[in-house]
Amino acid sequence: MKHLLRVLLTAGLIVPFTGCSEVECPLDSVVVMTCGLRHAETGEKLQLSDSLSITPCGKDTILLNRAYGISEFVLPLKMGIEVDTFLLRFSNSWEMSATDTLFVAHRNEPHFESIDCPASVFHHITHVSWTSHNPSVYPLTIDSVAVKRTLVDYNDIENLQIYLHTAP
Amino acid sequence: MTSKICRFICTLLLSVWCVNATCGLNTTAADSLTKNGNTYTSRSEARKALERYNGRPLFCGIAVGADLVGPVMKVAASWNQLEVVGKINLLETYFPVFEMGIGESDYTDDTSLIAYQVKAPYWRIGCDVNFIKNKDTGNRIFGGLRYGFSSYDYSISGPDIIDPTWGTAVPYQLKDLNGNKHWAELVFGLEAKIWRMIHLGWNFRYKFGLNEKHSTHGKPWYVPGYGENKSGTIGATFNLMFDLNL
């Protein structure tokens, strides 16, 4: 018994200094706002037959370039400023096009996941507004926008539902 | 001559009475247990035998001690703790325990360059049960439970975050975030009698959270007294204990 206790005591001295470490960072560590497209008339998911390009207002950057057949897209929000303005340009193969504007107001919150994960900024959507063009110019336009989830984080869960009106 | 004999007999009788009076315990133990053929060489051995015979007292003393691993971790790990322990010895079987300490972390990760700082007190309360059969050896094998709590302020800082779309730098400084945590621990440990009242022993603990409050900026990475803030974690202490038989 004494011998056993001696062995176990020694083991107890050594074991606390051994161990393994693991990194538990999320696999998808990109913080983006997920937007889903819906039919304004039926509310069902809409698969775009036209092309859609999105650029941020004030910067010559293309966030979405002539995307076809999509029903969902993601947009990054500014980390330092609390309003984003996106220009949504619809176009078709007949070289017709029109642009709507989407305004997203949000609160930014620096986020800490773990000591070994990169730092990030989460967003809380506080308000959304938009502009629509005349359907006679182009038959596809934003009808309304609903906020489904205010928190914008790593999860690819739909934040906005953009209802599009399609003229016959 | 007669008076000398009388004086000698009186002295002898008086001596025998004194020995019986002062060593009554020894004699009682020896007398009562001699029937089983046991003999005892010392008074303390006889006392223990008598205790066994009469049954152990409920209150067998208290023990105080400190964790020796915690301070060593200051140089070897990303966090450390200073912890003292107090135990009440009941029947050499049940040990109500109170542990308190200060947990500290001031660590910067080499890869992410994020720095985490916290320093706060914590405490645990619980009970150990000594499972060893022969309790007279002074060695103990424990199983036990703990409830722990800590309330703390933590700070996180790191290099500015660069917005990938706009290229702007966003400062990453989160100061004095507040949090608290309640947790439970399952404990298994050993304690060996090293010399007289000195015991040395270790114990392993499986810790799991019961309730937690923290800042919306994110979960704390290290909680004083709990360790790395996962849903379940393993901890260990190596205790130097002093048994005080009051």
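Since this is a predicted model, take the numbers as computed values, not measurements. Proteins get letters first, then strands, A, B, ... in listed order; numbering begins at 1 in each.
In this structure, E228(B) CD and S114(A) OG are separated by 7.0 Å, a value rounded to the nearest 0.5 Å. Here the CD1 atom belonging to I114(B) is positioned 7.5 Å from the SG atom belonging to C117(A), to the nearest 0.5 angstrom.
Sparse packing is recorded around NZ of K133(B), with 12 or fewer heavy atoms of other residues, nucleotides or ligands lying under 6.0 Å away. The 12-atom threshold is not exceeded at OH of Y94(B), counting heavy atoms of other residues, nucleotides or ligands nearer than 6.0 Å.
In this structure a side-chain-to-backbone donor-acceptor pair under 3.5 Å is missing from H217(B) to H111(A). No donor-acceptor distance shorter than 3.5 angstrom exists from the side chain of S112(B) to the backbone of P118(A), with no hydrogens or angles considered.
Residue T216(B) touches chain A through both its backbone and its side chain, counting heavy-atom pairs closer than 4.5 Å. When heavy atoms are compared at a cutoff of 4.5 Å, L63(A) approaches chain B solely by way of its side chain, counted from C-beta outward. Interface remark: Y172(B) contributes side-chain atoms only to the contact with chain A (heavy atom separation under 4.5 Å). Proximity to chain A involves both the backbone and the side chain of T165(B), based on heavy atoms less than 4.5 angstrom apart. Interface remark: Y222(B) contributes no atoms to any contact with chain A (heavy atom separation under 4.5 Å).
With chain B as the partner, the residue from G80(A), P76(A), A119(A) showing the most heavy-atom pairs under 4.5 Å is A119(A). Heavy-atom pairs under 4.5 Å with chain A were tallied for N229(B), I162(B), I156(B), T108(B); the largest tally goes to I156(B).
The two residues Y107(B) and I115(A) make their nearest non-hydrogen contact at O-CD1, 3.8 Å. Minimum interatomic distance between P56(A) and W166(B) (heavy atoms only, all atoms of both residues): CB-CZ2, 3.6 Å.
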Q) Does the side chain to side chain contact (heavy atoms under 4.5 Å, CB included) test come out yes or no for T111(B) and D116(A), once each step is laid out? A) CA-CA 7 Å; T111(B) 312; D116(A) 39 21; 6.0 Å; no
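The shortest side-chain heavy-atom distance between F112(A) and P220(B) does not fall under the 4.5 Å cut-off. When side chains are defined from C-beta on, P164(B) counts as touching M79(A), because their heavy atoms get closer than 4.5 Å.
The side-chain contact (heavy atoms from CB on, under 4.5 Å) test with K78(A) is passed by exactly one of T168(B), D163(B), V170(B): D163(B).
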